[in-house]
Amino acid sequence: MYDVSKGYEAAKEFYAQYGVDVDKAIEICDKIPLSIHCWQGDDVIGFEKSSGSLTGGIQTTGNYPGKARTADELRADLDFAMKYIPGAKKVNLHASYLEADTYVDRNAIEPKHFEKWADWAVSRNLGLDFNPTYFSHPKSENGTLSSADEETRKFWIEHGIRCRRIGQYFADRTGKPCVINHWTPDGDKEFPVDTLGPRLRLKDSYDQIFEATKDVKDVIDGIESKVFGIGLESYTVGSHEFCMGYVMSKNIDHIIMTLDTGHYHPTEVVSAKLGAVFAFSNEVLLHVSRPVRWDSDHVVAFDDETRAIMEELVRLGKLEHTYIATDFFDASINRTVAWITGLRNVRKAILSALLQPVGMMKETEAKGDFSGRLAIVQEFKAAPFAMVWDHYCRKTNAGVGLEWLEEARKYEKDVLSKR
Ligand code: RNT
Ligand code: ZN
């Protein structure tokens, strides 16, 4: 191992030249909660006692051994992965990760089915976030909240209502607000003749869910849009325009947009949307993912777009107004390595964004010095943030460099490979 302290001291000096306080950046970075999606651990299957498979136009590929088969296994894997993810954390559950002795249908779920999750979270001082599961169910095959069949639509509205109540239960138990993400796969393989009807029904369903749970106070609701799903290529009911329109027209603090980085046309980027969304909304929920040609949900990379998103949040002064959640599911590699790598990349992108002289950049721009602006922004792309990152990981005991990889291999050998 190289001398981490020496690297940190050198980096500190480098950043001080530009007025960047490295320790302050670490302090801010460390407090931003990252909401870890539970579903990387078992390929989005969950623990309902049914023989259901993953539907809804999303897909996991790969059959790497060792996925979690029970909630206890999933919690153990999360416990392991979280050791190597520095900073504040929450865990993000789906309704399908309930625990019950017998099958409980989606319109019958209750807080008691999530009691073990809540106990676990409380004992670790973790916040919990939540998601209604509007997919992987026999009643989700022809639309859920937008279904033309009133019985079906009612069923899913009830699911949404129960999820908001479970969100309140999580908030009560953990003492931290619960962020709920509402995503429905509803869409069509072909172009429907009536493109408005399903949207009016979806709008009404959301209205009914919020109206029926007006007493729920500590829940934030993200409405997630999408461009298309597999088998639903031509039409998405909850499109970007629909979801943005819904959130903006409601104009209620707890109803916000969810921007998933895999849910736009390949040349559209979320980093370019944030400045517009914040013109109308105080908060945003992010699903950080990595689309490769489609919404493939690859493990988050330390790539230009992830960095650009975090830079944008820092420059806009909106880091603390953004709920950052991850959303990927790679079944072709060790799932704990997927979590650790993806989450570390998100945290690293936040830290590197905080290690930039935003004040200097803004002043230069305000003066109209666009040549200077370009030079400064480009220079900082290769600034020595990795030395600060290593120092931060050491300070938080999250493993410096690849130290954690050996541990992950050991965990695979001792635990995962025995499943
Ligand atoms: C699907 C959405 C959604 C899901 C999770 C499992 O395209 O991104 O957020 O990935 O709810
Ligand atoms: Zn998502």
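Whatever order the structure lists ligands and atoms in, that order sets their numbers, starting from 1. Hydrogens, waters and symmetry mates play no part in the numbers below; they use all other heavy atoms, side chains included.
Classified by interplanar angle (parallel below 30°, tilted 30° to 60°, perpendicular above 60°), the ring pair Tyr246/Tyr206 is tilted. Taking the six-membered ring where tryptophan is involved, the planes of His182 and Phe210 are perpendicular, since the angle between them exceeds 60° and thus also 30°. Classified by interplanar angle (parallel below 30°, tilted 30° to 60°, perpendicular above 60°), the ring pair His263/Trp183 is tilted. Using bins of under 30°, 30° to 60° and over 60° for the plane-to-plane angle, the ring pair His137/Trp156 lands in the perpendicular bin.
Counted by atom type alone, Asp327 and Trp39 present one or more donor-acceptor pairs between their side chains at under 3.5 Å.
Rounded to the nearest 0.5 angstrom, Asn334 CG and Arg409 CZ are separated by 9.5 Å. Distance NZ/Lys67 to CG/Asp77: 12.5 Å, rounded to 0.5 Å.
The shortest N/O to N/O separation between Asp297 and ligand 1 does not fall below 3.5 Å. Considering backbone and side-chain N/O atoms, His287 comes within less than 3.5 Å of an N/O atom of ligand 1. Considering backbone and side-chain atoms alike, Lys226 places an N or O below 3.5 Å from some N or O of ligand 1.
Looking at Asp327, its N, O or S atom nearest to the Zn ion (ligand 2) turns out to be OD2. Nearest to the Zn ion (ligand 2), among the N, O or S atoms that Glu224 has, is OE2. Closest approach between the Zn ion (ligand 2) and any N/O/S atom of His287 involves ND1. Looking at Asp260, its N, O or S atom nearest to the Zn ion (ligand 2) turns out to be OD2.
Looking at heavy atoms from C-beta onward, Ser147 lies out of side-chain contact with Lys139 at the 4.5 angstrom threshold. Contact of the Asp129 side chain with the Asn181 side chain is not registered, since no non-hydrogen atoms from C-beta on lie closer than 4.5 Å.
Of all the atoms in ligand 1, the ones that sit under 4.0 Å from a non-hydrogen atom of Asp260 are 8 (O). Within ligand 1, the atoms closer than 4.0 Å to a non-hydrogen atom of Phe329 are 10 (O), numbered from 1 in the order shown. Proximity to Asp295 (heavy-atom distance under 4.0 Å) selects the following atoms of ligand 1: 7 (O). Near Ile58, the atoms of ligand 1 lying under 4.0 angstrom from a non-hydrogen atom of the residue are 1 (C), 7 (O). Every atom of ligand 1 with a heavy atom of His263 under 4.0 Å away is listed here by number and element: 1 (C), 2 (C), 7 (O), 8 (O).
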Apply salt bridge (Lys or Arg N to Asp or Glu O under 4.0 Å) to Glu365 and Arg315, showing your working. CA-CA 12 Å; Glu365 179 171 86; Arg315 291 172 189 173; over 6 Å; no
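Protein heavy atom at the shortest distance from atom 8 (O) of ligand 1 is Asp327 OD2, 2.8 Å. Counting protein heavy atoms only, atom 3 (C) of ligand 1 is closest to Glu224 OE1, 3.4 Å.
The shell of residues lying under 4.0 angstrom from ligand 1, judged by heavy atoms, includes His94.
At a heavy-atom cutoff of 4.0 Å, ligand 1 is contacted by no atom of Thr258, backbone or side chain.
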